[in-house]
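To keep things clear, I will list the structure first and then write my remarks on it.
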Amino acid sequence: MTDELDDDEARALRAQRIIEAVAAIPRGRVASYGAIAARAGYPGRARLIGRVLGDAPDRLKLPWHRVLRADGRIGIPAGTASYREQCKRLKAEGVTVKDGRVPMSAFGLDHDLDRAIWGMPGA
DNA sequence: CCGATGACTCTGC
DNA sequence: CGCAGAGCCATCG
């Protein structure tokens, strides 16, 4: 059909894959934007993740709060309502949040269970 | 078409 | 650990 709808579809597909990747993050764990992007099939497009999450409706009940920057920092501007909400949710899951930062060495997916969860060796 | 912006990441100093 | 620069990509004026 029209190219415009085609473009719209492509955008929806990106969002879909990204949303699924985010939803796959285990409770009590966190992942970086880059990791999600790669996992969704868009390596190098970390910014795309942030864009999609910001546009994603809350009714999807997406665990967006489990997505942090590569250094473990909250990816949202400090002081905003969303920022505080993310901190709150993480703590509620048992994730340590110190000064808006999470020790990914301990809660990151590539600490030890990386392949067990993301790699999906087939169990 | 170009410049600016941003829920990004990496490298170098 | 912090700062600057460069790469990256979609959206907006």
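Below, chains carry the letters A, B, ... as their sequence lines are ordered, and counting in each starts from 1. For clarity, every value in this text was computed on a predicted model and none was experimentally measured.
Heavy-atom minimum distance, A:Met104 versus A:Asp71: SD-C, 4.4 Å.
We find the CG-CD1 distance between A:Leu13 and A:Ile18 to be 9.0 Å, quoted to the nearest 0.5 Å. The distance from the CD1 atom of A:Ile36 to the CH2 atom of A:Trp64 is 14.0 Å, given to the nearest 0.5 Å. In this structure, the separation between CG on A:Leu62 and CD on A:Glu20 is 10.0 Å, given to the nearest 0.5 Å.
Straight-line distance from the OH atom of A:Tyr42 to the C1' atom of C:dG7: 20 Å, rounded to whole Å. In this structure, the CZ atom of A:Arg66 is 17 Å from the C1' atom of B:dA7, given to the nearest Å. The interatomic distance linking A:Arg51 (CZ) with C:dC8 (P) rounds to 18 Å, in whole Å. One atom, CD1 of A:Ile74, and another, P of B:dA7, lie 13 Å apart when rounded to the nearest Å. For A:Ile49 and C:dA10, the CD1 to C1' distance is 12 Å, given to the nearest whole Å.
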Next item on the list: Summarise how protein sits on nucleotides 8-13 of chain B as a single string, 5' to 3': B when a protein heavy atom is under 4.0 Å from the base, S for sugar-phosphate-only contact, - for no contact.
Entry: BSS---
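For the segment residues 80-92 of chain A, no residue has any heavy atom less than 4.0 angstrom from an atom of DNA chain B.
The side chain of A:Arg101 lies closest to C:dC1 when the candidates are C:dC1, C:dA10, B:dA7.
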Give the table of side-chain donor-acceptor pairs shorter than 3.5 Å for residues 43-59 of chain A, with sequence neighbours excluded, one pair per line with atom names and distance.
none

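Side-chain contact between A:Pro63 and A:His65 is present, with heavy atoms from C-beta onward closer than 4.5 Å. Using a 4.5 Å cut-off on side-chain heavy atoms (C-beta onward), A:Arg27 and A:Arg66 make contact.
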Item checked: Derivation of the side-chain contact (heavy atoms from CB on, under 4.5 Å) call for A:Ile74 and A:Leu68 -> CA-CA 5 Å; A:Ile74 301 286; A:Leu68 312 171; 3.9 Å; yes
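Under 4.0 Å is where a charged nitrogen must lie from a carboxylate oxygen, and between A:Arg89 and A:Glu93 no such pair does.
Using a 4.0 Å heavy-atom distance criterion, A:Arg73 is classed as making no nucleic acid contact. Within the nucleic acid shown, A:Arg45 comes within 4.0 Å of sugar-phosphate atoms alone, with no base atom in reach, counting heavy atoms only.
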